[in-house]
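The analysis underlying the following values was restricted to heavy atoms, covering all of them including side chains, and did not include hydrogens, waters or symmetry mates.
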Amino acid sequence: MGSPLATLFTLQAETPEGLLLHEHLERLIDGPAVRLCECLEELLVERWVAAIRAAMDASPTAQRIARVSAAAEVIEAHLGLLDRHRRLDLARAWMRALVGLLDAAWAGAPMDVVARLGVASHFENLAQRDALRRALARIVGVGEHLGQVRDRMAAQGYGDPRYEESQLYLERFDAILAPHLPRLRGITAALTGRLG
């Protein structure tokens, strides 16, 4: 787990001693190592879908909560770094992974996703159930976050520093993720109890 690429593949928030998660992942984005992310998109998407499904199915329940929470932490850190380093073109992989999960682990109506999450769990208390739902809502909520990024990038005008990046991001977001945002929002609402 000393490699930031391994952390990204496994979505486990373990880092070498003395490094914060974002510092660890930054080694993959800041410099020539970013080429790995560019070349391995297909493999990353497959691996992320499998890792999130495995985290949702982990046993015992405490381990499920820990694994889903760790995955959410890695995803959020990675997306933050992509934005900060002006490499939102690489966010396409996360868009594709979310769509892949909608066809697999998150298939069906939002309440079906929530129901499946509890089927294999033996919750010791309601706090444990709510912790698992909140952790998964962080991952599902990545779609909404990417939509907010889209709104921000749409404000980039011709000649602005991030104009070219924004045009690529808008094109990819609108083609890949935009049609699926209502379902993602519905799943988030079902997981959190949020209305609308």
A side-chain contact here means heavy atoms from C-beta on lying under 4.5 Å apart; do L98 and H180 qualify?
no
Please report the C-alpha distance between R27 and L19 in whole Å, then the side-chain angles of each, then the deciding distance to 0.1 Å, and finally whether the side chain to side chain contact (heavy atoms under 4.5 Å, CB included) criterion is met.
CA-CA 11 Å; R27 297 185 302 160; L19 277 182; 4.1 Å; yes
E76 and H145: side-chain donor and acceptor closer than 3.5 Å?
no
Please step through salt bridge (Lys or Arg N to Asp or Glu O under 4.0 Å) for the pair R138 and E73, ending with a clear verdict.
CA-CA 9 Å; R138 286 173 64 190; E73 192 177 340; 5.6 Å; no
So, are R86 and E164 salt-bridged, with charged N and O less than 4.0 Å apart?
no
Does L90 belong to the same Ile/Leu/Val/Met/Phe/Trp/Tyr cluster as L43, with side-chain heavy atoms less than 4.5 Å apart forming each link?
yes
D174: which residues meet the salt bridge (charged side-chain N to carboxylate O under 4.0 Å, His left out) condition with it, sequence neighbours left out?
R150
Without swapping roles, check the side chain of R116 against the backbone of A105 for a donor-acceptor pair under 3.5 Å.
yes
Over all atoms of both residues, closest heavy-atom pair of V68 and L136
CG1-N, 3.5 Å
Would you confirm whether R134, through its side chain, and L191, through its main-chain N or O, come within 3.5 Å as a donor-acceptor pair?
no
For A62 and Q128 the tightest heavy-atom approach is N-NE2, 4.2 Å
With a 4.5 Å limit on heavy-atom distance, are the side chains of R152 and R162 in contact?
yes
A side-chain contact here means heavy atoms from C-beta on lying under 4.5 Å apart; do E144 and L184 qualify?
no
Donor-acceptor pair, side chain of S166 and main chain of Y163, under 3.5 angstrom
yes
Separation between CG of L132 and CG of L117, rounded to the nearest 0.5 Å
4.0 Å
I need the minimum non-hydrogen distance between V49 and L101, along with the two atoms involved.
O-CD2, 3.9 Å
Evaluate the side chain to side chain contact (heavy atoms under 4.5 Å, CB included) criterion for residues L82 and D89: first the C-alpha distance (whole Å), next the side-chain angles of each, then the deciding distance (0.1 Å), finally the verdict.
CA-CA 8 Å; L82 293 181; D89 56 301; over 6 Å; no
Apply side chain to side chain contact (heavy atoms under 4.5 Å, CB included) to L20 and H22, showing your working.
CA-CA 6 Å; L20 298 173; H22 74 276; 3.7 Å; yes
Does I187 reach the side chain of L102, with side-chain heavy atoms less than 4.5 Å apart?
yes
Heavy-atom count check: over 12 atoms from other residues, nucleotides or ligands less than 6.0 Å from Q167 CD?
yes
If every non-hydrogen atom of L8 is compared with every non-hydrogen atom of W48, which pair is closest and at what distance?
O-NE1, 2.8 Å
Between V74 and F9, is there a side-chain heavy-atom distance shorter than 4.5 Å?
no
Please tell me if the side chains of L177 and V99 come closer than 4.5 Å, counting only heavy atoms from C-beta onward.
yes
Side chain to side chain contact (heavy atoms under 4.5 Å, CB included) evaluation trace for W94 with L79:
CA-CA 9 Å; W94 286 115; L79 285 171; 3.4 Å; yes
Taking the side chain as C-beta and beyond, is there a heavy-atom pair between F173 and L181 under 4.5 Å?
yes
Any side-chain heavy atom of L44 sitting closer than 4.5 Å to one from E41?
no
Could you pull out the closest heavy-atom pair between T7 and E14, with the gap in Å?
OG1-O, 3.4 Å
Within this structure, what is the CD-CD1 distance for the pair E171 and I176, rounded to the nearest 0.5 Å?
9.0 Å
To the nearest 0.5 Å, how far apart are CD1 in I139 and CE in M56?
8.5 Å
Within 6.0 angstrom of R53 CZ, more than 12 heavy atoms from elsewhere:
no
To the nearest 0.5 Å, atom CD1 of I29 lies from atom SG of C37 at 6.0 Å
Minimum-distance pair of heavy atoms, taken over all atoms of A77 and L25
CB-CD1, 4.0 Å
Using the salt bridge (Lys or Arg N to Asp or Glu O under 4.0 Å) rule, take D30 and R87 through it: C-alpha gap first, then chi angles, then the decisive distance, then the call.
CA-CA 10 Å; D30 186 21; R87 288 306 311 263; over 6 Å; no
Using the rule that two of Ile, Leu, Val, Met, Phe, Trp, Tyr join whenever any of their side-chain heavy atoms come within less than 4.5 Å, decide whether V45 and L168 are in one cluster.
no
Given 3.5 Å as the limit, does a donor-acceptor pair link the side chain of D160 with the main chain of G157, or not?
yes
Does D57 come within less than 4.0 Å of R67, counting only side-chain N to carboxylate O?
no
